[in-house]
Structure formats: C-alpha cells, structure tokens
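These numbers were taken from a predicted model, which means no experiment stands behind them. Convention: sequence-line order gives letters A, B, ...; per-chain numbering from 1.
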2 protein chains.
Amino acid sequence: MANQASKNSKRTPCENCPLRRLAIFRDFAAEELAFVSNFKTGELAVDSGATILLEGTHSAHLFTVLSGWGFRYKMLDDGRRQILNYVMPGDIVGLQGSLMGEMQHSIEALSPVTLCVFERDRLNQLFTGHPDLAYDLTWIAAREERILDEHLLSIGRRSALERAAYLLSFLYQRAKVLDLFRGNRVAIPIRQQHVADTLGLSVVHTNKTLKKLADRGLIRWVDGGCNVRDIDGLLAIAEWKGISEHKRPFI
Amino acid sequence: MANQASKNSKRTPCENCPLRRLAIFRDFAAEELAFVSNFKTGELAVDSGATILLEGTHSAHLFTVLSGWGFRYKMLDDGRRQILNYVMPGDIVGLQGSLMGEMQHSIEALSPVTLCVFERDRLNQLFTGHPDLAYDLTWIAAREERILDEHLLSIGRRSALERAAYLLSFLYQRAKVLDLFRGNRVAIPIRQQHVADTLGLSVVHTNKTLKKLADRGLIRWVDGGCNVRDIDGLLAIAEWKGISEHKRPFI
DNA sequence: CGCCGGATTGACTAGAGTCAAAACGCGTGG
DNA sequence: CCACGCGTTTTGACTCTAGTCAATCCGGCG
C-alpha cells in the first residue's frame, strides 16, 4: 500500500517518531498523529554540506527536521553571507516559502540531516481540518520570530565577546533539550566561519574573540566543532537569561 | 446593544475599514468580515511616545494597527536598545505574546496611533471557525519573519551607509503602499536616534552617515522626520531589490 | 612527505564609538 | 517680541574595536 512504510524506505513512522519521546515536545492526540502521519509523504536524507533549500526557488515541499543540524542564511550579491538561524530536530523548514511562494533564504546542512517531507499543496487541509495543528504552526512561526528578535538584539547591540557567548550558549541550550550531546562528547558541528557569519564579524576577529572564551575555559574547539564547557559563564558574559521553554509543539 | 458602535466611541466599523480600500490588502469575504467585526472588541488610541505593549508583561489583547506609526524593540539590562521592526497600519501587534504568553519585546508609538483591539482568549475561535483567517495569521507571522531575516542580513553584513540606505528605503516602501505620504509632504516620523537603534550604530556615527545620504540628495531631514527624495538611489546603495508584495492579508 | 582546509597570529588600516561643544528649531513665559 | 530652555542635529578630536592582508601552524589524508 502506498502509505505504508516499507523496510527499505528507511521511513520512520510518525507513531514511532523519536522526537515525541523528548520531554521538550508536547504530546499528540491520536487523531492529530493520524493526520500528520498521513500528511508526511516521505523522508529526505542529505549529506553534510548539502543545500536543502535554495534562495530564489519555489519548493513544492516543506519539511520537519528529524535529525541533524543545519542553518538558514541569506547572501548579498557580492558574496557577503549572513546566517539567520540554525535548524535542529523538530524545526520546520520551508514554511515561509510554502506560504508566500519563493524562498528568500537558503538552508544548508551542517551534518547529515534527515527530514520529513510534506506537500505544500496539502497545507490547507491542515488549516481546514486541524485547527489545533494550525495553531501550532502559527506558534512555531512566532517562536522563530522571537529567536530572530533575540539575534537582532545581539548583533545590533552586543560586543563581539558578548555576541559569541550569546550564540554558543544559545546553540548549546537548544541542542541540550534535544539530547543531542551524548554526555557532552559530541560538539556543536560548526566552524569558526559559521560563527563569524552569524555574528556579523570577520573570521579573524571571530577567532580572536573565541580564543578569549577558550582561554577562560568556557569553550573548547575540538575535532569537528565547538564544545561548551561552562554554560553559566557564557550566559553571564552575554548578559542573557537563556531560553525558557517548557513544552513546545511540533509537527 | 453591546456590539453596536455608538457615535461617541469613535469606533471605526470593520465594514468601513479604511485599510480595506487600499490596493495592497486583499478583500474580505462577507462572512470573514462579519467574524472579524465581531472579534474586534474595541479601539485604542494612544499618543505619540506612548508604550503600547511592554516587555515582560502579559497582555489580554492583541491589536491591529489602524493608523499611525510605532516600533518594536528590546533592551539589554544596561540600557542598550535595539529596534527590531516598525509597525504601520495593517500590522498585527502582540501576536507573539498572545500565543506564547509573556511579551518579549516592547512597542512604542512614533505618532498618535489607533488600534483595533482583540481578545486573546478568542483566538482559538478564529482557528477553529475560520481556517482562512488562521492561514492569514500564519502568513502574517511568516512575513514578519521574512522582514527580520532581511534586517539581520542588513545589520550583520552591510556597511553603515548601506544599512542606512536599506532602512530608509524599507520604511519608504512600506509607507508608500499604505498611501501614508500625501504627495510626499509627510515624512517618516523618526529621529536619528531611532535610526541608530535600528542599525546598531551610535547616534553620532548615524548622523554622519545620514549626512552623506542627505548631501547626495537622497534624503532630507525635515520638521518631524525624514523625507526620502530618491528611492532608487537608496535602493542602489543598499544593493537591494526592495519589497515585492502584491496583495497581502490583514485581519 | 606534501597538500589542504581550518585555526592562529601579527602588523597595519579603517570604520565606528565616545566625549564634549556648538548650532538649530521651536515652544513657552516674561 | 524676544530671551531662555530643551530636545535634536552637527562637528571636531581622539580612542578603540573590528577589518584586511599575509604568513604560519596543525591535524588529517592520499
């Protein structure tokens, strides 16, 4: 049958979704689960470094990240790049494009990423048939907005050191609730270039700034990324209270 | 009758909403109009400089701006302020807070502002009974996200001159489609301090930057604000294509 | 061993912040 | 009608943060 997962498709059934087990995500009602399960038309797996969605294109799909890390970014014509936010499991990508047409930002994978695929054409089914899910979708959009507000404050008004501390504590906290670090042995999979492009700094100055954080024992650069050693220290430098989320929806 | 506007209440009936007449906004179906009209519980008028919503509070309402200008901002504990975006007629304010609880940004009026008042408790009526309006709400949230993406790119990667040109052309374009300038005699009601707090610059440096734009004849500071003289010149400096919106929803 | 993509460093430059004084425009009170 | 005060815009001088350029270092890998 078409909507039954076969063994080779590697498809994770929604009933078995590993994200649902996490404390940070809310529970689904059986009926919602049934709809989402049917709404999901497939699964996409991409390699680290791959472009998931490209600015200027129209995608017929939107996705929920099932596993892996990525980032959203925009570029100026002359090549300057600004990273807008990072995407992690449970995040929806491509919603903007689905609602409004053309994508106005790109998304790239920082690690191998798997995504649940949804058809944008069936979004209205969600709105008409499932007000609760529609509410969740709006909630998720509002959450993204809130994060962008915070980033804007950071880039606009914090010093380089504060910005770096903010960003790393932000990423650490988001990943932490998703249980992405197995006992801290896994690092945030970014290069200093990503940090620079997120904070609006040059790589050189970013490096010097990160060095200060490392010298104070707050972070450490390892194999393929950054390891947070002292989250409270980072939060203090950033003059930030951190993310406060108890339960949140996902689709 | 309770839901009938009296003459003294100065209430603008939705059927008569001046915003509906603007080409930029989509049309309402009669049935939607009826719902919104009933959803609207009042009207709020505030003076220039007033705080409409305050960070850290819980508001029982959300609003649509009917007339006037304002801005959203966040502050760090030590007083540094970052303006996140501007609000103009047709914009919804307080949605984030309504969905997620506490407000995490403040909103202040730049001119006398009137707002349509809605009860946050009745938002779920909108989601359950009016999928089309729910869709619009999500669309509006996605639009705000898109604008923030653009601002982030600007603050992070554009030079001071480019940023200033971007911001002023952004505001000009938004106001233009709302027919807010009567033949260009009305200016954007901001001080240079607002520009500075939006661009992440000091007032002094902002002044020097704006001076360059003024010297080139692109803008002019008048009575209570900024006058755009050469929108194409600004767009060129900002290396920006401008806003492209045909019709958009509003509630 | 030599190549390659990051991470580091150092020297120099340029863009943006700070401090402080002046110039302006406008409303108010004498 | 004019002086005074206040909020803003302008300017100039000086400081400092962040950018640029260029070399070096380092670990992984063919």
Side-chain angles (χ1 to χ4, degrees), chain A residues 47-49 71 76 78-83 108 110-111 154-168 187-216 218-227 237, chain B residues 47-49 76 78-83 108-111 154-168 187-216 218-227 237:
Chain A
D47 290 334
S48 177
F71 62 94
L76 291 173
D78 60 12
R80 284 175 282 180
R81 179 176 77 168
Q82 176 63 40
I83 294 182
E108 185 176 317
L110 279 169
S111 70
S154 200
I155 299 202
R157 288 308 185 195
R158 280 194 246 250
S159 70
L161 192 70
E162 293 168 336
R163 276 184 235 185
Y166 161 75
L167 175 63
L168 295 173
I188 301 171
I190 52 176
R191 338 248 108 244
Q192 300 194 355
Q193 181 68 62
H194 296 116
V195 176
D197 286 346
T198 311
L199 303 183
L201 300 171
S202 69
V203 211
V204 175
H205 196 250
T206 298
N207 176 276
K208 288 169 182 167
T209 304
L210 291 172
K211 189 95 204 325
K212 288 184 193 165
L213 292 179
D215 287 345
R216 299 192 199 176
L218 301 170
I219 61 168
R220 170 174 296 193
W221 287 89
V222 292
D223 45 10
C226 177
N227 230 306
I237 290 180
Chain B
D47 291 335
S48 178
L76 290 173
D78 60 11
R80 284 175 283 179
R81 178 175 78 169
Q82 176 64 41
I83 294 182
E108 186 176 318
L110 279 169
S111 70
S154 199
I155 298 201
R157 287 307 183 197
R158 280 193 246 249
S159 70
L161 192 70
E162 293 167 336
R163 278 184 234 184
Y166 161 75
L167 175 63
L168 294 173
I188 301 171
I190 52 176
R191 342 248 101 242
Q192 300 193 355
Q193 181 68 62
H194 296 117
V195 176
D197 286 346
T198 311
L199 303 183
L201 301 170
S202 68
V203 213
V204 175
H205 195 250
T206 298
N207 175 275
K208 287 169 182 166
T209 303
L210 290 173
K211 189 94 204 322
K212 288 184 193 165
L213 292 179
D215 288 345
R216 298 192 199 175
L218 301 170
I219 60 169
R220 169 174 296 193
W221 287 91
V222 292
D223 46 11
C226 177
N227 230 305
I237 290 180

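Using a 4.0 Å heavy-atom distance criterion, B/Gly225 is classed as making no nucleic acid contact. Looking at heavy-atom distances under 4.0 Å, A/Gly200 makes contact with sugar-phosphate atoms alone, never a base.
Rounded to an integer number of Å, the gap from CG of B/Leu201 to P of C/dT18 is 11 Å. The separation between A/Leu161 atom CG and D/dC16 atom P is 17 Å, rounded to whole Å. One can place CG of A/Asp197 at 15 Å from C1' of D/dA18, the figure rounded to the nearest angstrom. Going from atom CZ of A/Arg158 over to atom C1' of D/dT17 covers 18 Å, rounded to whole Å. Whole-Å rounding puts the B/Leu199 CG to C/dG15 P distance at 17 Å. In this structure, B/Asp78 places its CG atom 15 Å from P of C/dG17, rounding to the nearest Å. Between B/His205 atom NE2 and D/dT17 atom C1' there is a gap of 12 Å when expressed in whole angstrom units.
The main-chain N or O of B/Gly224 is found under 3.5 Å from a side-chain atom of B/Arg191 such that the two form a donor-acceptor pair. In this structure, the side chain of B/Arg157 engages the main chain of A/Leu201 through a donor-acceptor pair within 3.5 Å. A distance-only check finds a donor-acceptor pair linking the side chain of B/Ser48 to the backbone of B/Leu110 [under 3.5 Å].
Between B/Val195 and the choices B/Ile83, B/Ile188, B/Val203, B/Thr206, the side-chain contact (heavy atoms from CB on, under 4.5 Å) rule is met once, by B/Thr206.
Partners of A/Asp47 under the side-chain contact (heavy atoms from CB on, under 4.5 Å) rule, at least two apart in sequence or in another chain, do not exist in this structure.
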Passes side chain to side chain contact (heavy atoms under 4.5 Å, CB included), A/Ile237 versus A/Lys212? Steps please.
CA-CA 12 Å; A/Ile237 290 180; A/Lys212 288 184 193 165; over 6 Å; no
N/O to N/O distances under 3.5 Å, protein versus nucleotides 5-12 of chain C:
| unit_1 | atom_1 | unit_2 | atom_2 | d |
| --- | --- | --- | --- | --- |
| C/dA7 | OP2 | A/Gln192 | N | 3.1 |
| C/dT8 | OP2 | A/Gln192 | NE2 | 2.8 |
| C/dT8 | OP2 | A/Asn207 | ND2 | 3.0 |

